[in-house]
Amino acid sequence: MRLAGRIDLVGAGTRLLAPVVALLFAFGIFAAVLGVEGTNATDAFSQMFEYAALPDSQVDILNRATFYYLAAVAVAFGFRMGLFNIGVDGQYRLATLMAAALGSASFIGWLPGVLRIILMVIVAMVVGAAWAAIAGLLRATRGVSEVISTIMLNAVAGGLVAFLNTTDHWGTRPEGSNAVSTPLLPKDSWLPNLPLIGGTEAGVFAFSVVAVIVGVGYWFLLERTRFGFDLRATGYSPTVAAASGVDAKRMVVWTMVISGAIAGLVGLPQLFGESHAFTDSVGGIGFTGIAIALLGRSRPVGMALGALLWAFLDRSSLILDLADIPREIVVIMQGSTVLAVVVAYELAKRLSRRMQRRRVGGLVETSQKEQPA
Amino acid sequence: MSKSKPTDSSRDEDRAAEHGPPAVELRGITKRFPGVVANRDVSLAVRRGTIHAVVGENGAGKSTLMKILYGMQRPDGGSVLVDGTPVAFGSPQQAIAAGIGMVHQHFMLADNFTVGENITLGAERRHGIGARAATRIRELAARYGLDIEPDELTENLGVGDRQRVEILKVLYRGARILILDEPTTVLVPQEVDELFGNLRELTGEGLTIIFISHKLDEVLAVADEITVIRQGTTITTVTPAAVTARQLATLMVGSELPSPAAPESLVTDEPVLAVAGLTVRGPAGRPVVADVGFTIHRGEVLGIAGVEGNGQAELVEAILGLHPAEGTLTLAGRSLAGQSTRARREAGMGYIPADRHRHGLLLDAPLWENRMLGHQTERPNAARGLLLPGAARTDTQRILAAYDVRTPGIEVAAGALSGGNQQKLIVGRELSSAPKLLVAAHPTRGVDVGAQAAIWGQIRQARGNGMGVLLVSADLDELIGLSDTIKVIHRGRLVATTDPASTTPEHLGLAMTGALEEPS
Amino acid sequence: GGNDDKEPSSGDSTSAKRTIKVGLAYDIGGRGDKSFNDAAAAGLDKVAKDLDVDKKELEAAPNETENDKYTRLKLLCQGGYNPIIAVGFAYAGNDPANGPLAKAAKDCPNSHFAIIDDSSVTADNVASLVFAEEQGSFLVGAAAALKSKTATVGFIGGCEVPLIKKFEAGYVAGAKAVNPDITVLVNYLSTPADKCSGFNDAAKGETSTGGLIDAGADVVYQAAGGSGTGVFKAVKAKGKLAIGVDSDQYNTVSDDLKEVIITSMLKRVDVAVYDFVTDEANGTFTNGVTTFDLKAEGVGYSTSGGKVDDIKSKLDEYQQKIIDGEITVPTEPATS
Amino acid sequence: MSTETAPVPARTPAAPGRPGRVGRLPRVLLAIAGGLVVLAAVRAVTGADDLTSNGAVRAAIQAAVPIGLAGLGGLFAERAGVVNIGLEGQLILGTWFGAFASVHWGPWAGVVAAIVGGGLGGLLHALATVTFGVDHIVSGVAITILAGGATRYLSSLTFAEMDGGGVNQSPPGDELPRLSVPGLSALDGLEDRHWFLVSDLTGILRGALTEVSALTVIAVAIVPLAFWLLWRTGFGLRLRSVGENPRAAESLGVAVYRFKYYGVVISGALAGLGGGFLSIVASNIYREGQTNGRGFIGLAAMIFGNWRPGGLAGGALLFGYTDALQLRRGSESVHALLLVVAVLLLAVALWQATRRRYRPAGLGLALAVLSLVWFFATTTVPVPFVQFAPHLTTLVVLALAAQRLRPPAADGVPYQRGGG
Ligand SMILES: Nc1ncnc2c1ncn2[C@@H]1O[C@H](COP(=O)(O)OP(=O)(O)OP(=O)(O)O)[C@@H](O)[C@H]1O
Ligand SMILES: Nc1ncnc2c1ncn2[C@@H]1O[C@H](COP(=O)(O)OP(=O)(O)OP(=O)(O)O)[C@@H](O)[C@H]1O
Ligand SMILES: [Mg+2]
Ligand SMILES: [Mg+2]
């Protein structure tokens with residue numbers, strides 16, 4: 001009785017079933033679209049699986065999942081209190097640029113590599129936080145919807161990045177190249193890639209450790225601290241939270257700040273482990289982060305699975321080209337997965353709520369006196 | 001349906017039909033919700049041109065029954081007859097077409113619409129939504145003495161006016177049968193009298209009115225016939241002349257109606273809360289609470305009476321720090337002016353909000369998390385910034401038992417509980433932290449009589465232990481029964497102070513309308 | 001001048017048809033982008049006519065990582081394709097020594113690679129195919145100045161990046177060479193901030209060109225990829241003249257726009273691809289940088305439509321001077 | 001999207017009419033006239049003649065149309081209580097479907113197909129949000145992702161095989177007719193004189209009334225039509241009622257779900273039309289990435305316009321105008337705009353100061369000084385800055401005005417029939 005009370009088995013069941021059903025549905029769409037084209041979906045899928053199982057692919061999937069996960073956590077932090085930080089993109093681009101520019105600057109050349117890495121991480125988080133704080137402050141003091149302001153701030157951040165990452169400012173261009181980036185970091189502040197997976201020289205980003213730490217920290221902060229309770233309460237109902245003593249405006253600002261600080265980390269796995277300089281070639285991770293946060297219902301483990309799924313689809317789609325299957329099919333699958341999953345979660349929520357009501361109602365009816373409203 | 005006004009001859013027809021079939025007949029209605037049977041074999045007949053009252057406790061199934069008649073809910077069994085013809089409404093639209101109109105328990109108005117827009121909504125076919133409609137509304141308003149201007153923005157209206165808009169909405173649709181679901185809860189006695197005058201005029205015109213209430217004196221005053229519902233079933237139908245209020249109450253609850261008997265005073269002269277010069281400004285900078293001052297002592301219940309919308313909500317929120325305010329506020333000797341809500345709650349304020357869904361409970365969160373709510377900084381819920389879920393769970397179990405909250409467990413979402421059980425949980429939670437001051441706004445609203453008596457008892461007991469209480473309530477009996485002092489708020493000012501021992505609801509009502517302005 | 005099919009060297013003519021597996025890794029857009037990638041595709045198609053080619057074409061996705069690019073090159077090499085052509089400087093990455101191409105070249109030492117528009121990757125099995133866009137642009141700049149009646153000409157760049165600035169630099173220099181007092185108005189349609197959307201937005205091209213023309217420009221040169229049609233439309237609406245880019249656009253635009261195109265700056269990516277593959281087929285792979293300049297006829301200007309016939313002699317004069325080294329064309333605009 | 005408790009005030013004496021209703025038109029006209037004078041003066045002082053040239057005005061209107069249509073789309077959805085952040089996706093669908101039909105069956109067919117394509121996107125959003133109760137933002141984001149993938153896939157199946165088309169673009173389609181008010185060409189000479197105000201006015205008139213695409217005319221006509229539909233018809237009343245108080249609407253027999261569907265599908269259709277405008281009129285081909293965030297700007301324009309058609313049209317024009325200026329003679333015109341902005345901010349600051357709102361006044365003043373300093377310290381504005389000028393404008397305007405805005409009361413709130 002007590003156990004049944006503690007763990008809402010039915011609710012948990014439906015919540016677990018929901019994404020599975022949604023994935024099947026998305027696969028159905030995948031198959032249907034491919035069918036129209038005359039390709040066998042299972043065939044395509046088994047090719048994708050085979051390719052994704054290669055050691056190189058496994059490493060790549062883990063690496064992608066690392067920054068997708070960080071982006072998702074950044075977004076989810078806002079989601080949990082009903083804030084939509086659509087500005088992760090701008091935040092991490094600006095943050096990564098600043099960190100990379102600082103890390104490669106000659107005036108801190110004397111710093112030992114480890115300290116420089118730490119400094120860069122801090123700068124990235126601060127820049128991300130500061131950029132997000134603009135939206136937070138606008139929301140708290142001026143009532144500007146963060147959805148709109150973060151979208152606008154993305155454009156502004158992009159402009160600043162484009163402005164600063166030129167040879168006139170912080171950018172350099174290797175001899176004979178047309179690509180502009182910040183100068184390469186000194187070798188002592190490259191992070192080694194971890195040889196976690198055998199059969200390949202490629203290694204997993206060392207920064208994936210940070211992603212794991214962020215995930216654990218996210219869980220702890222939300223579920224085990226007062227701050228997290230305040231945050232979740234605000235997400236459930238801002239008015240109720242306010243009445244319980246939560247200062248909604250401060251919550252908004254702090255949540256945006258933390259979300260932005262996490263967003264500031266998004267570009268670092270690649271910076272430290274792959275490119276060693278800021279390039280503007282990779283963007284849009286913020287949007288993927290939103291999708292993954294939705295897939296994982298903003299839960300730390302759920303988002304990790306979502307990030308892996310997304311990374312798997314990304315990676316395995318590379319093989320489709322070789323088989324002359326349009327790779328866009330994967331984007332369709334990703335989009336329909338998100339939509340199907342959120343619909344499934346909603347339906348599961350309704351179902352479990354109804355079942356709870358029925359249980360409560362049943363209890364009331366069997367009691368001596370009917371319990372009126 | 002016709003666009004012309006009802007002529008004298010049509011009125012004559014109505015009168016002539018008085019002995020025809022009943023305007024409305026409900027036969028054996030049954031309605032089940034998951035886990036609850038709201039209506040169980042209910043039968044009811046309403047004669048044309050009369051006011052028929054339906055009384056019953058909270059949750060007896062009155063609103064559900066009326067929603068069935070109005071097409072908002074489908075019955076699981078039984079039949080509905082209008083003018084002797086069986087009908088089966090699938091939507092309010094069909095009920096409206098059959099000449100039925102309903103004024104809901106909660107106002108159903110869009111604030112950002114004009115009165116005219118609110119009235120014509122859904123009935124645009126009649127006279128459009130423009131000048132013709134406005135003319136028609138003015139005509140109707142003049143004819144039934146409902147003073148209202150169609151171009152006014154609804155959010156600027158007071159509750160009385162809103163009530164009139166609701167009635168006009170129904171009349172505008174040409175309804176011949178009006179359902180009024182607890183129309184008087186938000187009105188002061190004088191406004192109630194005005195409303196009853198309006199209703200009599202309407203029946204004079206041949207309209208039929210179904211009137212829902214659980215205020216028995218009102219029912220006795222206005223109804224031609226009274227049907228009593230208890231636990232979803234019709235108990236009986238009586239005429240007012242044949243019963244007394246006590247008899248009616250006994251029918252309603254199946255036992256004697258408990259009343260908050262005036263207890264002996266336990267007031268000390270040690271102040272708990274002292275407020276002075278408290279002013280709250282509305283969006284336009286106009287004060288909605290103006291220069292309010294009072295002191296509550298240990299063991300004292302200070303009741304605030306007032307028509308809804310006269311600043312009591314803002315007063316409560318200002319005291320909790322939810323609304324910026326000017327003035328001083330001292331709790332047990334400590335100045336809290338300008339402090340956050342959290343600081344105030346930590347200093348010993350408990351809060352039973354008027355609207356438990358907006359301010360009291362996280363409906364989607366489990367009960368034990370709701371037990372933490374508002375007290376997430378103190379033991380047993382948390383220590384040093386970290387939550388203690390285990391301790392909170394255990395304490396939740398204790399509250400469930402102590403306050404008789406009926407639920408299968410502490411992991412269910414608060415939203416799954418019935419309103420009364422939700423309220424008990426809130427009361428239990430707030431009293432568990434042994435507050436120095438309890439701010440209780442409508443603590444028994446929407447709660448059935450049994451739970452109501454329990455809540456009163458718990459508040460009294462806590463007061464006996466030295467707690468001060470600020471009680472805001474629309475239920476004058478509750479105010480008189482619980483308070484040691486009653487102050488009346490009108491247009492944001494405290495305009496009168498009365499002794500509950502010597503006052504009557506009528507007297508309070510007069511003060512609440514501002515008729516008895518006196519310097520406080 | 002134009003550039004026609006080159007004859008394969010005589011010695012090999014007997015064994016002309018032998019199978020060669022060519023892998024092409026495109027930049028975003030891929031085959032069918034009506035621009036840069038298509039030019040490479042055209043070169044490949046031409047090779048396929050002369051030789052027995054087994055080709056595999058893969059294309060980049062927006063927002064992909066450097067690792068994706070590396071993976072693509074490696075997939076081709078693992079699939080047995082040799083040579084492999086990386087279309088676009090992005091394949092070099094920002095760290096040429098460790099970028100996608102460098103890594104792939106290291107992983108597949110027995111494959112031959114070529115990269116277009118980049119000369120920063122040095123490896124034994126990598127050939128860099130780069131173009132002197134500034135030289136070609138110089139010539140069309142001169143043509144613009146010669147054709148201008150208002151002493152004002154315009155330049156529309158699709159995105160403010162070094163590669164496109166090279167076009168601008170040459171164009172300005174050419175115009176100034178003809179008329180030192182000429183005004184050259186320059187507009188860029190986008191920056192990397194919005195993923196260089198200015199290469200994809202004909203409406204932007206049209207609006208921007210309208211601004212230049214209203215400010216007095218009567219000849220407009222565009223280096224704006226897919227936005228070029230917008231440029232031509234605006235020019236046509238105002239009865240002015242335009243200069244195309246990359247391929248001979250007189251031959252690719254719809255008929256109603258032909259009349260405004262006086263010439264196009266040719267950047268013979270197709271020739272580069274063609275030459276590279278045929279050389280490979282002949283077993284004459286040369287690593288290192290091959291610059292396709294005026295001398296090598298890798299850049300130039302087109303004469304279709306006959307609109308520059310009257311000034312052709314002057315243009316050829318400039319061309320000769322550049323080839324002879326008398327004129328050095330800048331690769332970056334004078335002021336930033 | 002903040003929710004403040006609006007206390008029901010005690011019965012107040014009936015105010016005559018609605019304040020703010022009467023007197024709005026003259027005020028708006030006055031503000032427009034004032035803005036014009038400032039613009040003309042700045043043009044005269046700085047010599048940035050493009051500020052009021054007919055070309056700039058024409059380009060501004062052309063740039064404003066897709067934004068405005070997206071904004072109108074947002075308006076219909078949000079008036080029905082559904083936030084549609086999927087406008088961007090519906091815009092994308094509009095560009096693709098519009099181009100596809102235009103290429104095959106002519107531009108007018110393209111217009112219809114764009115509407116249908118966007119409408120389908122709206123239908124999907126309605127299905128998710130209304131029927132399944134999914135969070136509105138969530139569904140919108142998902143639809144935008146989906147639309148991008150779907151169009152790319154469709155292109156690879158269709159356009160890639162066509163002559164002149166490719167995986168990321170369609171072959172060109174035919175153009176829609178352009179219309180001019182006759183006789184205005186007589187004004188040509190006046191504009192070139194650069195006379196203060198006179199030339200400015202003629203520039204604006206010529207820009208607005210000559211060589212206007214037929215679809216632009218239609219789009220402009222939709223603005224008053226939308227107002228009429230929403231505020232003057234029973235349909236509009238019902239639609240708005242489900243965005244203000246769906247429960248009340250339901251109790252009066254309004255089919256809440258159905259009207260939400262109407263609102264969201266119309267929303268998608270309008271956004272689709274905006275997309276069609278991009279791929280049929282603004283350029284006569286479809287090109288991937290063509291919408292470039294205009295859906296979001298449209299949403300901002302709608303908020304800027306306080307959820308009203310006239311206001312959002314003004315917002316769209318403002319974006320269109322800055323966008324057109326920056327594209328045409330960016331560094332120069334936007335530099336001159338700094339002066340305009342400074343003057344306007346100063347005016348706002350003064351006005352706020354007279355109302356004793358010192359914080360916004362201070363903010364306005366600070367920003368004004370900042371723009372002035374920037375104006376005098378530089379001669380041009382860097383391209384990246386020029387390009388985010390519209391976005392920055394949005395941010396500043398929202399920061400100054402957001403609290404005066406009034407979204408529909410039930411905007412973004414999932415609604416479930418029968419309560420609960
Ligand atoms: N939509 C619903 N779903 C589930 N249960 C409901 C629903 N509406 C009402 N109930 C239940 O039906 C019963 C009757 O409710 P109803 O609202 O008709 O009571 P009432 O007599 O109007 O009470 P009150 O005096 O509080 O208005 C209650 O137990 C309530 O919990
Ligand atoms: N859709 C629903 N499904 C299940 N139970 C419902 C539903 N709607 C209402 N209820 C239950 O019906 C009861 C009465 O609903 P109601 O909305 O009247 O709440 P209430 O708290 O009694 O408020 P009030 O008395 O002020 O009307 C509550 O206990 C609520 O839990
Ligand atoms: Mg009721
Ligand atoms: Mg109730």
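For the numbers below, each heavy atom of this structure counts, side chains included, while hydrogens, waters and symmetry mates do not. Letters A, B, ... are given to chains in the order of the sequence lines, protein chains preceding strands, and every chain is numbered from 1.
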Measure across B/Gln93 and D/Gly253 and return the closest heavy-atom pair with its distance rounded to 0.1 Å.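 Heavy-atom minimum between the residues: OE1-O, 2.9 Å.
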Over all atoms of both residues, closest heavy-atom pair of B/Pro92 and D/Ser251: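 In this case the closest contact between B/Pro92 and D/Ser251 is CB-O, 3.7 Å.
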[X] atom [atom1], neighbour heavy-atom count above 12 within 6.0 Å:
X	atom1	value
D/Trp228	CH2	no
B/Arg138	CZ	yes
D/Arg356	CZ	no

Would you say that D/Glu244 contacts B/Asp111 through its side chain, given a criterion of any heavy-atom pair below 4.5 Å between the two side chains?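 A side-chain contact is absent here, since even the closest heavy-atom pair is not under 4.5 Å.
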With heavy-atom distances below 4.5 Å as the criterion, would you say the side chains of B/Met108 and D/Glu250 are in contact?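 A side-chain contact under 4.5 Å is absent here.
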Checking heavy atoms, do the side chain of B/Ile129, its backbone, both or neither come under 4.5 Å from chain D?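 Side chain of B/Ile129 only, per the 4.5 Å heavy-atom cut-off to chain D.
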Nearest-0.5 Å distance that lies between atom CG in D/Leu252 and atom NE2 in B/His104: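 Going from CG on D/Leu252 over to NE2 on B/His104, the span is 7.0 Å.
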Greatest number of heavy atom pairs closer than 4.5 Å to chain B - which of D/Ser241, D/Pro408, D/Ala249: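 Going by pairs under 4.5 Å, I would pick D/Ser241.
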What residues of residues 233-240 of chain D make heavy-atom contacts with chain B at a cutoff under 4.5 angstrom?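 Checking residues 233-240 of chain D against chain B gives D/Thr233, D/Gly234, D/Leu237, D/Arg238, D/Arg240.
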Those residues of residues 254-263 of chain D, ordered by number, that approach chain B below 4.5 Å (heavy atom to heavy atom):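 Listed by number: D/Val254.
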